[in-house]
Every structure is written in C-alpha cells, then in structure tokens.
Amino acid sequence: MTPIPNISNSQLAQVFNQVADLLEIKGEIIYKILAYRKAADAFNDLDRNVHDIWQEGKLQEIPGIGKAIAEKVDELLTTGHLSFLEKLTKEVPVSLTEILRVPDIGPKKVALFWKQAGITNLDELASAAKAGKLRSLPGMGEKSEQKILAGLEALARRSGRLPLGKAWLIYQSLSDQLSKIPGVEKVESAGSLRRRRDTVGDLDILVASRQPDIVMDAFVNFPDVVRVVGHGDTKSSVEFSNGVSAQLWAHPPERFGTALQYATGSKEHNVRLRELALKRGLSLSEHSLTRTDGSEILCSTEEEVYAALGLPWIPPELREDRGEVQAALAGELPLLIGMEDIIAELHTHSNWSDGKLTIEEMAGEAIRRGLKILAITDHSTGLGITGGLSVEKIPQQRREIEAVQSKVGNKLLLLQGSEVEIMANGELAFPDEALSQFDLVIASLHISLRQPSEKVTSRLLNAIRNPHVDIIGHPTGRLLPDREGADLDMDAVFQAAAEAGVAMEINAHPSRLDLDDINARRAIALGIPLSINTDAHASSDLDLLHFGLGIARRSWATAEQVINTWPKERLLKWLKARHS
DNA sequence: GCCGTTTTCGGCCCGACTGTTTTCAGTCG
C-alpha cells in the first residue's frame with residue numbers, strides 16, 4: 001500500500017495559490033484564477049483536516065470546490081504530485097511569482113517584463129529598472145520605472161505582518177493625531193485590526209469628516225511618513241519610518257456606515273455582501289446602497305447597512321466569509337462571548353516564580369478589574385530561567401494564598417494552580433502527588449519546541465492524558481510574528497483533548513494568541529472547552545484580555561464554551577470531577 | 001473554475017488612485 005502524503009490544509013492552500021499566481025501571469029481568465037484562490041482560502045479556513053473530508057469522498061461539499069479542483073486534490077493526496085502544476089511551471093518560470101510581491105506590480109506587468117524584456121526574477125527586475133530599460137516598454141514611462149524602484153526598496157524594508165498588539169498601539173497613536181485634525185468628527189479602526197486578526201498587514205483607518213481634503217493633506221504630512229504611496233480625495237496611504245504602512249479613508253458622517261463596512265472587510269465578506277445586495281436590486285459600495293433607479297440609501301451606521309440587506313449586524317470578527325453571511329440569513333449567528341461574560345482569570349504568575357507582583361497584589365488587581373476568580377499558576381521547576389516553584393514550597397505558597405483569601409473574603413475566589421512544564425522527555429516537571437495538591441493545573445510547552453512532530457506531539461498527548469491536568473497552556477508555543485509553533489499533529493491533539501475533556505487555552509498575550517482562531521474553531525467543533533487567559537506576569541498584562549477575546553470571537557465562541565465564564569460553583573464542580 | 005428560489009449556460013462586486021494615455025488599463029483593497 002502506498003503511503004498517503006501528509007499534506008496539511010495550509011500546504012494545500014499554498015499549492016492552489018501558486019497555481020493561481022502562475023495562471024494569472026500566463027493571462028488566464030480572471031474568474032478561473034479567482035476560483036483557485038477561493039479554493040485555497042476554503043482549505044485554509046476549514047475547521048477539519050482536508051484529509052478526512054477527502055477520505056469520506058466529500059471534497060465537493062466544501063463551498064468553492066468543484067469537480068476540477070476536487071480531482072486535483074485527489075491527485076495531490078494520492079500521489080503527492082500535481083501534474084497540472086508541473087506542466088504550468090514548465091510554461092511559466094516560478095521565480096516570476098516573487099515579482100508579484102513588489103507593490104504596484106501585478107500579473108500584467110510581470111508578464112510584460114518577462115515577455116518583452118526577458119525578466120524572470122527580482123534581481124533582473126532591479127537591474128533593468130536601474131539601467132532605465134523599463135521606461136520604454138509599452139504602457140510604461142519614467143514615473144512607472146521610478147515607482148518600481150521605490151517599490152523594490154519598500155519590499156526590502158517591509159517588516160512582514162505586525163502582531164496585533166503592536167498594530168493596536170500604533171493605531172492608538174495615529175488615532176490621537178487624526179482626531180486633532182480640524183473637521184474630523186470620528187476615528188475608527190478598520191481592516192484586519194478591527195476584525196482582530198492575530199497579525200495585521202497595513203493599518204486601515206476611517207475618519208468621518210466633511211472636509212476630506214484637509215484630512216488627507218494632514219495625513220500624508222504626518223511626521224515619520226517616509227513614502228506617500230497614494231494621495232487622493234477620499235483615500236490615501238503612506239509608509240512610516242518604522243516600515244509600517246497605513247491607509248486612511250475619509251467619508252462624511254451620513255455615509256460612515258457603508259464606508260466602515262467597506263473598510264473593515266474582509267474583501268471576501270464584502271464580495272459576498274455585494275452579491276446579496278444585487279439579488280435585492282441594490283448595489284453596495286463604500287458610499288451608499290444604490291437602487292436600480294439610481295437613488296441612494298445613505299447609512300450612517302453599519303447596522304443600517306446590514307439591515308438594508310435583511311441581515312442582523314455581523315460582528316467584525318466574523319467577517320471572513322466563513323459562513324457568517326449564510327448564518328446571518330438563517331438567523332443562526334452565534335451570540336459571541338463578550339468581555340462582560342468573563343469572570344475568571346486562570347493563568348497568572350506571582351513573585352513565587354517569574355511574576356512581578358505578590359499574590360496579594362495580583363488579587364487586588366483582579367478585584368479592580370471585576371474578576372470573581374483568580375488562579376495563581378506559577379511555573380514549576382524544570383523551566384530553568386524562571387526560577388519555578390519547587391515541590392517543597394507548594395504547601396508554603398498554599399498558606400500564603402489562604403491568608404490572602406481570608407483578607408479578600410468573598411470578593412474573589414483564589415485558586416492555587418500550577419503551570420507545570422512539559423519536559424523535553426515528555427514527563428511533567430511535577431510528580432502526580434505534587435500535582436494533586438493544586439486546585440488547577442495548566443501544562444505547557446516552553447522548551448524543545450523544535451523536536452520532530454511525532455516526538456513533540458507525544459509529549460503534549462502525555463500531558464493531555466494526565467488526569468491532574470486541566471488546561472493545556474498556549475498549545476503550539478508559537479511566538480508572533482516570526483517564531484512558528486511546534487510541529488504538532490493537531491488532529492491527534494484535539495482528539496486526545498476531546499477524550500480527556502481537557503480545556504485548551506487561548507493565550508491572550510498578543511505575542512502568543514495561541515490557539516489561533518482556526519484551531520480554536522476546530523476545538524469548539526469537537527466540544528473541547530476553551531480557556532482565555534492573559535498569562536499575566538505584571539498588572540498591566542491583565543489588560544491584554546481583549547486580544548484573546550478577539551481570537552475567541554473569531555472562532556465563533558459563545559460564553560458557554562469558555563470556562564472563564566462559568567459561575568464559581570460550576571467551575572469548581574468541573575475541576576473536582578476531573579480530579580476524582 | 002464554480003454555481004443556480006430568475007439560470008446546467010452565462011454570468012461572476014465595486015470604486016479609488018495612478019500613469020499613460022486622449023478614453024483607459026493596471027493595481028489595490
């Protein structure tokens with residue numbers, strides 16, 4: 001029997017995106033290309049492994065997958081090859097696709113440079129532009145050539161996607177500056193920042209103003225702007241000295257709803273809405289909804305936009321074209337978990353390990369934020385750098401927690417927890433009799449994340465199956481923006497977690513956001529409880545909760561599915577049942 | 001290439017901005 005190649009959903013998506021890139025350069029009709037890109041997105045967003053769906057013979061039940069693409073997936077999963085792609089790469093050099101990453105260069109220009117100037121990669125493009133050889137090509141000129149040189153430089157200094165937390169801080173500062181411009185009535189984040197994606201490409205910002213020209217002029221002249229990418233009447237985009245790009249729209253207040261809806265995206269969600277609008281005899285744009293007779297419906301709020309299409313307002317976190325429009329039409333949108341639902345913080349550190357505050361100080365901070373339950377989960381030994389709690393000190397820490405508990409009374413329930421290290425050999429850093437002394441145990445991976453998939457997965461499975469473990473902390477161990485998580489077999493992990501009834505964490509720290517939205521949605525689909533925690537090491541960390549909440553909302557989580565919302569009695573009962 | 005409470009064929013979202021052009025193509029979101 002031939003082994004089935006192990007191709008993940010995201011690898012599959014990459015293959016079809018590459019097909020789309022090459023077809024686009026080749027000059028294939030745009031709708032075919034869109035179909036491939038849509039299929040790639042569908043694979044990326046799937047809450048199950050494509051493998052399983054393939055084995056069930058249900059590929060074509062995935063929206064956007066038809067006969068032709070299903071056959072290609074079949075070939076890929078059976079043989080590990082795609083003859084269609086192999087044939088394509090013989091016609092179109094793969095190195096051309098790297099040129100597509102240059103701003104202002106799309107498939108048409110790539111094809112032009114390739115066919116008329118023999119350019120096949122970024123180096124050749126740069127040489128030709130510097131030598132002034134591009135300006136004479138049809139449709140090109142001196143300005144276009146300069147723009148390409150600027151684009152190449154921008155590409156070189158572009159710093160990938162921003163982690164959500166950093167994007168949020170930059171937005172706050174830009175928002176302050178924008179609100180001081182005369183005539184600006186409102187400032188709102190848009191794009192992937194407002195949708196709370198874990199990383200953000202460009203910052204998208206919308207302002208309400210009746211004098212958009214003044215706003216645009218002020219914006220492109222902000223300090224730290226190193227490049228004005230575009231400067232129009234209602235839209236401008238700039239690049240700052242730190243490599244971050246931002247895009248600004250300005251629309252009058254009575255059109256703010258359509259404009260915000262448009263700027264928030266996602267693009268795919270917007271396409272879906274516009275299709276729906278057309279079916280209702282309306283054309284949707286950032287300016288308004290237009291009837292067939294040309295008359296306009298103006299919307300100052302997003303609620304009005306969605307209502308005009310017969311829909312309830314869809315929260316930004318859901319707007320990824322992952323079935324939210326269909327759910328809204330059917331009246332089946334989930335009632336997403338909100339900040340007000342969360343009463344427990346279950347993953348924090350005190351000065352008993354590497355936290356900055358005493359247990360009493362942490363308790364005070366938790367009370368100040370309206371929390372009802374706080375678990376102190378200091379690191380175990382085994383994670384050398386942090387000076388973890390030793391087995392001998394567990395009773396001593398218990399006495400301190402009890403002392404603080406008697407001081408705060410019923411304002412806050414304190415739990416003695418542990419963040420126990422999953423060691424490189426797969427054992428937990430504490431023996432079972434030590435773990436049994438805690439009210440709550442989180443098991444986490446911090447070290448040897450680069451082990452082979454089989455090894456690191458088995459470590460995590462071992463932790464999940466330990467009857468003392470209640471939560472798996474930041475399951476993949478990724479660090480945004482650049483450090484990938486461990487190469488885990490998430491199917492095996494989720495299956496084990498579902499069987500053991502262990503909760504999986506959404507770590508709210510913006511450098512983690514782990515689980516991510518797709519994995520969290522898979523967990524929910526399997527009935528695995530989620531736990532959103534800040535992993536606070538200092539008081540200000542407790543304010544990071546909203547980032548984790550954003551990820552949970554993106555995974556369609558309701559309050560019921562997150563143990564941090566459960567009343568005290570229910571949480572304690574759940575813990576007790578697990579430990580008995 | 002996908003899809004169907006107008007369709008199994010003929011459609012497939014909408015507009016801003018830029019640069020090259022005399023009315024539009026390419027790129028982007």
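If you're wondering where the values come from, they're calculated on a predicted model, not measured in any experiment. A note on names: the letters A, B, ... follow the listed sequences, proteins ahead of strands, and every chain is numbered from 1.
Along DNA chain B, the nucleotide nearest to A:A68 and the one nearest to A:G106 differ in position, and the one closer to the 5' end is contacted by A:A68.
With both pairing distances under 3.5 Å, B:dG29 is matched to B:dC14 as a Watson-Crick or G-U wobble pair.
A straight line from NZ of A:K67 to P of B:dG1 spans 10 Å, rounded to a whole angstrom. One can place CD of A:Q247 at 12 Å from C1' of B:dT27, the figure rounded to the nearest angstrom. Between the CG atom of A:L276 and the C1' atom of B:dT5 there is a distance of 13 Å, rounded to whole Å. Between A:R272 atom CZ and B:dC3 atom C1' there is a gap of 11 Å when expressed in whole angstrom units. Rounded to whole Å, atom C1' of B:dG29 lies 15 Å from atom CD1 of A:I205. At whole-Å resolution of the value, CD in A:Q326 and P in B:dG4 are 11 Å apart. One interatomic measurement links the two molecules: CG of A:L88 to P of B:dG1, which rounds to 11 Å at whole-angstrom precision. Between A:Y36 atom OH and B:dC2 atom P there is a gap of 7 Å when expressed in whole angstrom units.
A donor and an acceptor atom, one from each side chain of A:H509 and A:S511, are located under 3.5 Å apart.
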Side-chain polar contacts of residues 173-192 of chain A - donor-acceptor pairs under 3.5 angstrom, sequence neighbours left out - could you list them?
unit_1, atom_1, unit_2, atom_2, d
A:S179, OG, A:S175, O, 3.1
A:S179, OG, A:D176, O, 2.9

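Using a 30° and 60° split on the angle between ring planes, A:F240 and A:F219 fall in the perpendicular class, above 60°. Note on ring orientation: taking the six-membered ring where Trp is involved, the planes of A:Y171 and A:W168 are tilted (angle from 30° to 60°).
We find that A:D516 and A:R197 are not joined by a salt bridge, their nearest charged nitrogen and carboxylate oxygen being 4.0 Å or further apart.
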>> For nucleotides 12-20 of chain B, give me one character per nucleotide, 5' to 3': B if any protein heavy atom sits under 4.0 Å from the base, S if the only such contacts are to the sugar-phosphate, - if neither.
In response: BBBSSSSSS

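Heavy atoms of other residues, nucleotides or ligands lying less than 6.0 angstrom from CD of A:Q11 number more than 12.
Note on A:K279: every side-chain N or O is 4.0 Å or more away from OP1 and OP2 of B:dT6.
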